[in-house]
Amino acid sequence: MGWKEKINGDSLSWLLEEDELNPGVRYFALRELEERPEDDPAVRAARRQVMETGPVPAILAAQSPEGWWVQPKPLYRPKYRGTDWQVIFLAQFGADGSDPCVQASCEYVLSNGRAPNGGFSMDGTKGGMIHCLQGNLCAALLDLGWWEDKRLQVALDWLARSITGEGIAPQDEKEAPVRYLKSGLCGPGFCCSGNYHCPCAWGAVKDMLALSKVPPEQRTPAMQAAIEMGIDFLLSKDPAAADYPMGENTKPSRSWFQFGYPMGYVTDVLQNLEALTALGRGEDPRLENALNLLLGKQDSAGRWRLEYSYNGKTWCDVEQKGKTSKWVTLRALRVLKRVYGD
């Protein structure tokens with residue numbers, strides 16, 4: 001049974017409609033669901049529309065001539081309107097990485113948003129590095145075409161080694177030139193101060209999404225080792241239950257079970273599925289409950305609702321919370337196609 005038999009209606013045709021408010025949906029649907037090449041006339045037209053209407057031009061209209069938003073530094077602040085977030089969101093909305101303004105934003109982040117060891121940081125210090133930001137920015141820059149940039153390759157190497165612990169000393173070895181800190185990344189295996197110094201599944205999902213975008217033949221041994229650790233961690237619990245280590249909390253965050261778009265540092269069950277299936281684990285039986293949860297959220301027309309939203313916090317509102325969502329439906333169909341094939 002192919003992926004189209006798993007949905008209740010012809011939601012693909014809905015995603016392929018012309019939509020001035022969300023033109024990136026059509027672009028991604030053509031590329032990923034219909035598997036059309038980048039030079040296909042319809043794909044090229046859809047990419048042009050992404051740059052002309054909808055969220056992308058609204059974001060770029062608020063950009064400074066130097067490439068930043070709101071303030072030169074720190075790039076993480078203000079949350080959802082600062083520079084780091086715009087690079088993340090531009091990639092998620094399908095921006096053209098060859099556009100000069102998009103390139104300026106990427107160059108600004110690569111030049112000003114990293115810690116001395118090369119990893120991405122909230123404030124430019126070693127203590128400001130967290131997995132969710134590193135994964136989000138690496139994924140965005142890969143999508144926007146920066147793989148050949150040595151600075152991104154250094155950031156990806158740090159991301160991988162921060163997971164495995166390779167070449168990084170424990171916190172208490174204060175004389176070591178490279179060590180974990182009590183703030184930010186505090187230990188191997190996704191440990192983060194933002195998650196009470198426990199392994200952070202939200203960060204792990206972002207890291208795995210980023211590493212999934214590196215072509216398999218170009219992944220270093222450190223990257224491959226990090227991927228195996230990430231898969232093992234994310235499948236160590238039932239992804240549908242999301243009861244990963246949570247420190248002082250007794251129940252998983254409600255955000256795990258509310259699907260939304262765009263994606264910030266918060267993660268949901270669907271994004272966990274996106275990461276694991278992108279890494280080729282779609283047939284793992286441990287995904288069954290999560291896939292059933294996903295399928296159970298569709299309506300009678302095979303569409304999914306926007307349950308989590310950043311509207312009112314970003315440069316441009318996207319769809320309406322509580323209403324059917326083309327973006328969430330796109331995410332769902334992407335996963336179903338990887339799992340069930342055509």
Side-chain angles (χ1 to χ4, degrees), residues 1-8 11-12 15 28-29 32-33 35 92 131-132 135-136 139 163 189-190 195 198-214 216 219 223-246 251-261 263 265-299 302-308 325 327-342:
M1 178 181 291
W3 68 271
K4 293 180 181 178
E5 283 71 48
K6 289 289 183 177
I7 55 178
N8 295 331
S11 45
L12 176 58
L15 301 186
F28 285 124
E32 299 179 16
L33 300 179
E35 300 184 23
Q92 291 186 20
H131 282 292
C132 53
N136 273 334
I163 295 168
F190 309 103
N195 192 42
C198 297
C200 178
W202 283 4
V205 169
K206 310 297 184 181
D207 284 345
M208 292 303 102
L209 279 173
L211 292 174
S212 77
K213 295 176 184 294
V214 178
R219 293 172 189 165
M223 291 179 190
Q224 194 57 50
I227 286 171
E228 294 305 319
M229 287 185 65
I231 291 172
D232 288 346
F233 174 56
L234 293 175
L235 290 176
S236 67
K237 300 286 186 178
D238 181 352
D243 54 345
Y244 297 101
M246 60 193 85
K251 295 181 179 180
S253 168
R254 292 175 56 193
S255 297
W256 275 109
F257 312 104
Q258 297 174 333
F259 298 170
Y261 209 79
M263 303 298 294
Y265 71 88
V266 170
T267 302
D268 54 30
V269 172
L270 177 50
Q271 193 172 46
N272 199 359
L273 285 170
E274 288 178 289
L276 289 167
T277 57
L279 290 168
R281 297 308 172 103
E283 295 183 0
D284 195 297
R286 289 170 289 184
L287 296 185
E288 181 179 0
N289 290 337
L291 290 168
N292 287 337
L293 185 154
L294 172 61
L295 290 167
K297 281 180 172 284
Q298 66 177 313
D299 65 13
R303 303 176 182 184
W304 280 257
R305 291 186 299 116
L306 185 74
E307 300 171 309
Y308 189 94
S325 164
W327 285 109
V328 177
T329 301
L330 171 71
R331 297 178 60 206
L333 298 191
R334 176 187 290 144
V335 166
L336 296 177
K337 180 177 174 64
R338 290 175 185 161
V339 174
Y340 301 108
D342 292 324

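Residue indices begin at 1 and follow the sequence shown.
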Sequence-distant partners of Asn272, side-chain contact (heavy atoms from CB on, under 4.5 Å), two or more places apart: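 With neighbours one apart ignored, the set is Val205, Leu234, Pro239, Tyr244, Trp256, Leu276.
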Verdict with reasoning, Glu307 to Lys297, per side chain to side chain contact (heavy atoms under 4.5 Å, CB included): CA-CA 11 Å; Glu307 300 171 309; Lys297 281 180 172 284; 2.9 Å; yes
Main chain of Gly260, side chain of Arg331: is a donor-acceptor contact present, judged purely on distance under 3.5 Å?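 Yes, the answer is positive, given that a donor and an acceptor are paired below the 3.5 Å cut-off.
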Quick check against the 3.5 Å criterion: does Ser212 have a side-chain atom that pairs as donor or acceptor with the backbone of Ala278?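 Such a contact is absent between Ser212 side chain and Ala278 backbone.
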Contact check, side chains of [X] and [Y], non-hydrogen atoms, under 4.5 Å:
X	Y	result
Arg219	Leu211	no
Leu209	Asn136	no
Ile163	His131	yes
Trp304	Leu294	yes
Phe259	Leu306	no
Leu12	Ile7	no
Cys198	Met246	no
Phe190	Met208	yes

Do the charged groups of [X] and [Y] touch, with an N to O distance under 4.0 Å?
X	Y	answer
Glu228	Arg281	yes
Lys337	Glu35	yes
Asp268	Arg254	no

Evaluation steps, side chain to side chain contact (heavy atoms under 4.5 Å, CB included), between Ile227 and Asp207: CA-CA 9 Å; Ile227 286 171; Asp207 284 345; over 6 Å; no
Residues in salt bridge (Lys or Arg N to Asp or Glu O under 4.0 Å) with Asp232, at least two apart?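 Scan of Asp232 (salt bridge (Lys or Arg N to Asp or Glu O under 4.0 Å), adjacent residues dropped) gives none.
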Just verifying a value: how many Å separate [X] [atom1] and [Y] [atom2], rounded to the nearest 0.5 Å?
X	Y	atom1	atom2	result
Leu270	Arg334	CG	CZ	8.5 Å
Glu274	Met263	CD	CE	7.0 Å
Ser325	Leu330	OG	CG	9.0 Å
Tyr308	Thr267	OH	OG1	10.0 Å
Asn195	Ser253	CG	OG	10.5 Å
Leu293	Phe257	CG	CZ	7.5 Å

Going by side-chain hydrogen bond (donor to acceptor under 3.5 Å, both in side chains), name the pairs with one or both residues in residues 285-296, residues two or more places apart or in two chains.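 Output for this query lists Asp238-Asn289, Asp284-Arg286.
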Taking it one step at a time, do Val214 and Met223 satisfy side chain to side chain contact (heavy atoms under 4.5 Å, CB included)? CA-CA 9 Å; Val214 178; Met223 291 179 190; 4.0 Å; yes
Ring-face cation of Lys206 near Tyr265 (centre distance under 6.0 Å, axis angle within 45°):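 No - Lys206 does not lie over the ring of Tyr265 by the 6.0 Å and 45° rule.
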Contact summary for Val269 and Ala290, nearest pair of heavy atoms: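 In this case the closest contact between Val269 and Ala290 is CG1-CB, 3.9 Å.
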Determine the minimum heavy-atom distance between Phe233 and Ala201, stating which atoms define it.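 Closest approach of Phe233 to Ala201, heavy atoms only: CE2-CA, 3.6 Å.
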Please verify the inter-ring angle class for Trp327 with Tyr261; under 30° counts as parallel, over 60° as perpendicular, anything in between as tilted.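 Ring orientation, 0 to 90° scale: parallel.
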